[in-house]
Amino acid sequence: MSSIKKSFNLEGKVAIITGSSKGIGKAIAKGLAEHGAKVVISSRNQEAVDEVVSEFKANGLDAVGISCHIGKPEQRKNLVQNVIEHYGRIDILVNNAAINPIYGPIEDAEEEVFDKIMDVNVKAPWMLSNLVLPSFKEAGGGSIINIASVEAIHPGAGLGLYSTSKAALLMLTKNQAKEWGQHGVRANVLCPGLIKTKFSAALWQNEKLLQKIERTLPSSRMGMPDEMVGMVCLLASDAGAYMTGSVYNADGGYLIAG
Ligand SMILES: NC(=O)c1ccc[n+]([C@@H]2O[C@H](COP(=O)([O-])OP(=O)(O)OC[C@H]3O[C@@H](n4cnc5c(N)ncnc54)[C@H](OP(=O)(O)O)[C@@H]3O)[C@@H](O)[C@H]2O)c1
């Protein structure tokens with residue numbers, strides 16, 4: 001008899017989580033490691049990554065830290081090569097790292113800013129996934145979880161280019177699922193709502209703005225990084241074996257608010 005509890009087990013699996021030195025990425029890495037995966041902690045800063053690895057190891061979790069600016073082709077290649085050298089396989093890729101360097105009307109943004117956002121938020125997940133694909137094929141399959149945003153579905157205020165990049169990530173995911181399903185690869189999107197991290201500090205550090213946002217949410221509060229983990233563990237594991245090409249929201253009801 002198959003066991004639903006066992007189907008969440010990730011023992012023997014190797015997961016790369018980009019942008020996992022803090023925030024949502026770190027929470028996801030911890031969750032995957034607690035389910036038995038060996039996790040690759042990564043961000044631009046090796047020291048920050050090493051700190052997380054020490055913390056995880058002190059808690060009995062299996063982790064390695066490899067710095068990688070996902071916008072840099074050589075660093076992407078180095079990340080994948082190092083993971084293969086260290087663990088010998090890759091089963092799960094969480095494309096989590098992203099940037100939002102601008103807030104304001106779309107017509108005010110410089111062309112260079114547009115290029116930078118698309119480079120890090122869309123091109124990097126595309127190219128990193130391509131680099132990981134041969135390992136997935138060798139392992140007989142794999143799971144990609146792309147972290148987008150509710151902004152991919154519903155335009156907010158002043159986040160136009162970020163929103164556009166996340167919408168592109170959403171469609172990239174559907175194409176990955178469609179083209180790579182034949183290799184046993186699944187690809188899905190998680191769209192977080194407002195989550196308390198450094199990334200969103202401009203929204204929640206402003207008391208009045210936060211109250212205004214929270215009043216409109218069915219949850220009446222913003223989310224925490226830990227609340228993004230359950231869905232990723234489901235999508236990464238055999239418990240989500242029939243889930244691919246889809247978009248899942250964890251947003252406190254933001255998309256039905258108003
Ligand atoms: N927080 C929210 O409200 C919210 C809502 C919707 C979606 N999201 C999405 O959730 C994901 C994680 O965001 P977060 O809120 O957890 O942000 P965060 O707490 O600021 O963490 C971002 C992580 O990404 C790393 N990073 C930034 N730029 C990078 C780059 N170019 N290459 C590699 N790593 C990089 C950072 O470390 P280093 O600085 O050391 O590189 C850090 O580990 C993003 O995709 C974001 O768009 C967040």
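All ligand and atom numbering here is 1-based and tracks the order in the structure. Sequence positions, counted from 1, serve as the residue numbers for this chain.
For the atom pair Ser163 OG and Ile153 CD1, the distance stands at 9.5 Å (nearest 0.5 Å). Distance CZ/Phe136 to CG/Leu131: 11.5 Å, rounded to 0.5 Å. Note that the CG atom of Leu217 and the OH atom of Tyr254 stand 8.5 Å from one another [nearest 0.5 Å].
Some N or O of Ile70 is nearer than 3.5 Å to an N or O of ligand 1, by distance alone. Below 3.5 Å of separation, one finds an N or O of Ile24 facing an N or O of ligand 1. Inclusion of Ser42 in the set of residues having an N or O under 3.5 Å from an N or O of ligand 1 is not warranted. Residue Thr197 places at least one N or O, backbone or side chain, under 3.5 Å from an N or O of ligand 1. Residue Ile195 has at least one N or O atom closer than 3.5 Å to an N or O atom of ligand 1.
Numbered from 1 in the order shown, with element, the atoms of ligand 1 that lie under 4.0 Å from a heavy atom of Ser43 read 34 (N), 37 (O), 38 (P), 40 (O), 41 (O), 43 (O). The ligand atoms of ligand 1 that sit less than 4.0 angstrom from a heavy atom of Asn45 are 40 (O). The distance from ligand 1 to the heavy atoms of Ser21 drops below 4.0 Å at these ligand atoms: 37 (O), 40 (O), 42 (C), 43 (O). Proximity to Ala98 (heavy-atom distance under 4.0 Å) selects the following atoms of ligand 1: 44 (C), 45 (O), 47 (O). Distances below 4.0 Å separate heavy atoms of Ser200 from the following atoms of ligand 1: 1 (N), 2 (C), 3 (O). Near Leu194, the atoms of ligand 1 lying under 4.0 angstrom from a non-hydrogen atom of the residue are 3 (O). Of all atoms in ligand 1, numbered sequentially from 1 with element shown, those under 4.0 Å from a heavy atom of Gly23 are 16 (O), 19 (O). Using a 4.0 Å cut-off to heavy atoms of Lys198, the atoms of ligand 1 that qualify are 19 (O), 20 (O).
Under 3.5 Å, the side chains of Ser246 and Asn188 contain no donor-acceptor pair of N or O atoms. Side-chain N/O atoms of Asp238 and Ser7 include no donor and acceptor closer than 3.5 Å. Gln46 and Asp50 are linked by a side-chain donor-acceptor pair at a separation below 3.5 angstrom, with hydrogens and angles left out of the test. Looking at Asn59 and Glu34, their side chains never bring a donor and an acceptor atom within 3.5 Å of each other.
Residue-level proximity to ligand 1 for Pro192 is carried by backbone and side chain together, each with a heavy atom below 4.0 angstrom. Counting heavy atoms under 4.0 Å from ligand 1, residue Ala124 does not touch it at all. At a heavy-atom cutoff of 4.0 Å, ligand 1 is contacted by the side chain of Lys166 but not by its backbone. Contacts of Ala148 with ligand 1, taken as heavy-atom pairs under 4.0 Å, involve the backbone alone. Contacts with ligand 1 closer than 4.0 Å are made by no heavy atom of Pro225, backbone or side chain.
From the protein, the heavy atom lying nearest to atom 17 (O) of ligand 1 is Phe199 CB, 3.1 Å. Scanning the protein for heavy atoms near atom 39 (O) of ligand 1, the closest one is Arg44 NH2, 2.8 Å. Among protein heavy atoms, atom 46 (C) of ligand 1 sits closest to Tyr162 OH, 3.5 Å. Taking atom 24 (O) of ligand 1 as the reference point, the nearest protein heavy-atom neighbour is Gly19 CA, 3.2 Å. When only non-hydrogen protein atoms are considered, atom 35 (C) of ligand 1 lies nearest to Ala97 CB, 3.7 Å. Protein heavy atom closest to atom 21 (O) of ligand 1, with residue, atom name and distance, is Lys22 CG, 3.8 Å.
Residues Leu61 and Lys30 are in side-chain contact: their nearest non-hydrogen atoms beyond the backbone lie under 4.5 Å apart. Counting heavy atoms from C-beta on, the side chains of Glu138 and Ile90 never come closer than 4.5 Å. When side chains are defined from C-beta on, Met228 counts as touching Ile195, because their heavy atoms get closer than 4.5 Å.
Using a distance-only test at 3.5 Å, with no hydrogens or angles considered, a donor-acceptor pair links the side chain of Arg186 to the main chain of Gly240. Of the possible polar contacts, one joining the Ser42 side chain to the Ile66 backbone as a donor-acceptor pair under 3.5 Å is found. The backbone N or O of Gly252 sits less than 3.5 Å from a side-chain atom of Ser219, completing a donor-acceptor pair. Between the side chain of Asp251 and the backbone N or O of Leu255, at least one donor-acceptor pair lies under 3.5 Å.
Within the 4.0 Å heavy-atom cutoff, Ser20 counts among the residues contacting ligand 1.
Closest heavy-atom approach to atom 44 (C) of ligand 1 among the candidates Ile17, Asn96, Val49: Asn96. Residue Cys68 holds the heavy atom nearest to atom 33 (C) of ligand 1 of all those in Gly193, Cys191, Cys68.
Salt-bridge annotation for Arg221 and Glu227: present, with a side-chain N of the basic residue lying under 4.0 Å from a carboxylate O of the acidic one.
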### Task
Show the numbers, then the answer: is there a side-chain hydrogen bond (donor to acceptor under 3.5 Å, both in side chains) between Asp91 and Ser143?
CA-CA 6 Å; Asp91 305 276; Ser143 177; over 6 Å; no
